[in-house]
2 protein chains.
Amino acid sequence: MLSIGKLSARTRVKVPTIRYYEQIGLLPEAERSQGNQRLYGTKALERLAFIRHARDLGFGLEAIRDLLSLSDRPDQSCAEADAIARAQLAEVDSRLSRLLALKSELQRMVAQCAGGRIADCRVIEVLGDHAQCAADHTAI
Amino acid sequence: MLSIGKLSARTRVKVPTIRYYEQIGLLPEAERSQGNQRLYGTKALERLAFIRHARDLGFGLEAIRDLLSLSDRPDQSCAEADAIARAQLAEVDSRLSRLLALKSELQRMVAQCAGGRIADCRVIEVLGDHAQCAADHTAI
DNA sequence: CTTGTACCTCTAGTCCCTATAGGGATTACG
DNA sequence: CGTAATCCCTATAGGGACTAGAGGTACAAG
């Protein structure tokens, strides 16, 4: 059995975050030692690794909650899991295109800065006037 | 003079957000009508448009606060504004590369889903096992 | 003059943690 | 075996950047 610190080290999920996941019901309540400290077995380790990996891929905690409950019912159709993943992919895609537009605006802005006074600064000027932008853009 | 609603319509910044910006000192306290309603002139409109545009480009409120105070001192060197913009560009760049890695993982995951049972679902399986990923990835 | 919309303040909630305070448990070393 | 260092516990507050709601006031249109 692992202490919360060891579990944290193995999964690279911080200790308070693990407790938080338990608090919001994403992890089941852990067993306790005689001294009331949390103890984790292999199943908890796998579940937390799953969560961490899904977080790394940008899934929200509610999506992860759904994915976990799906993975607990192995005989069901995986259509729902597929849909969640596709939604996440679409989300990532739209962020990507917005970030690309953003990047080119920022590049234009920075490239035009001649290093003079604020009064002549293209950075400040462009920020003040959206009409100077090449295309629409919105962060994240 | 514009009411907060009209200002909101012109800048596409929501009314409560405008009040929030005032509260945190990003906008100066607005003048008031006899009936205690906020009134805005051209300067406030420009300042808010600047904020909105910078937010669209992904700048954080603290960076915007800095940019605004720079723009109030037009005789200073614009090196600082340039640095803020470059930092933002670097940030966008690193998000972009992470999102790209993410996207290809998600695509692989989704492409492998055969639409069968959860027990055979690649989505669930890949999430449970980071070793199946092609590369490192971390969201946002 | 009434109705409906826009406005006001204040508080609390969102997401996903992170930090802090004030303590108890365990482990390592001498 | 004692003590110090490290780990763990709970509970609460904070952060970024808003957003939502309650309960009430001002103003424009008909």
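Below, chains carry the letters A, B, ... as their sequence lines are ordered, and counting in each starts from 1.
Boundaries of the chain B contact region on DNA chain C are C/dC7 to C/dT9, first to last in 5' to 3' order (nucleotide atom under 4.0 Å from a heavy atom).
Distance B/Arg55 CZ to D/dG16 P: 12 Å, rounded to the nearest Å. Between B/Ile18 atom CD1 and D/dC18 atom P there is a gap of 12 Å when expressed in whole angstrom units.
Under the salt bridge (charged side-chain N to carboxylate O under 4.0 Å, His left out) criterion, A/Asp129 pairs with no residue at all, not counting sequence neighbours. Residues forming a side-chain hydrogen bond (donor to acceptor under 3.5 Å, both in side chains) with A/Ser77 (at least two apart in sequence, or on another chain): none. In this structure, the side-chain hydrogen bond (donor to acceptor under 3.5 Å, both in side chains) partners of A/Glu62, at least two apart in sequence or on a different chain, are A/Arg65. Applying the side-chain hydrogen bond (donor to acceptor under 3.5 Å, both in side chains) rule to A/Glu80 yields no partners; only residues at least two apart in sequence or on another chain are considered. For B/Ser33, the side chain to side chain contact (heavy atoms under 4.5 Å, CB included) partners are B/Gln37, B/Leu39, not counting sequence neighbours. For A/Asp72, there are no side-chain hydrogen bond (donor to acceptor under 3.5 Å, both in side chains) partners, not counting sequence neighbours. With sequence neighbours excluded, no residue satisfies salt bridge (charged side-chain N to carboxylate O under 4.0 Å, His left out) with B/Asp66.
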Show every donor-acceptor pair shorter than 3.5 Å between a side-chain atom in residues 20-29 of chain A and any protein atom, with sequence neighbours excluded, or say none if there are none.
unit_1: A/Glu22; atom_1: OE1; unit_2: A/Arg38; atom_2: NE; d: 3.0

How would you summarise protein contacts on nucleotides 19-30 of chain D per nucleotide, using B for base, S for sugar-phosphate only and - for none, with heavy-atom distances below 4.0 Å?
S------SS---
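Using a 4.0 Å cut-off between charged side-chain N and carboxylate O, A/Glu125 and A/Arg122 make a salt bridge.
Between D/dC18 and B/Tyr21, a contact under 4.0 Å exists linking OP1 or OP2 to a side-chain N or O.
Within 4.0 Å (heavy atoms only), B/Ile4 reaches sugar-phosphate atoms of the nucleic acid but no base atom.
Residues from residues 38-46 of chain A that place a heavy atom under 4.0 Å from any atom of DNA chain C: there are none.
For residues 10-20 of chain A, there are no salt bridge (charged side-chain N to carboxylate O under 4.0 Å, His left out) pairs, not counting sequence neighbours.
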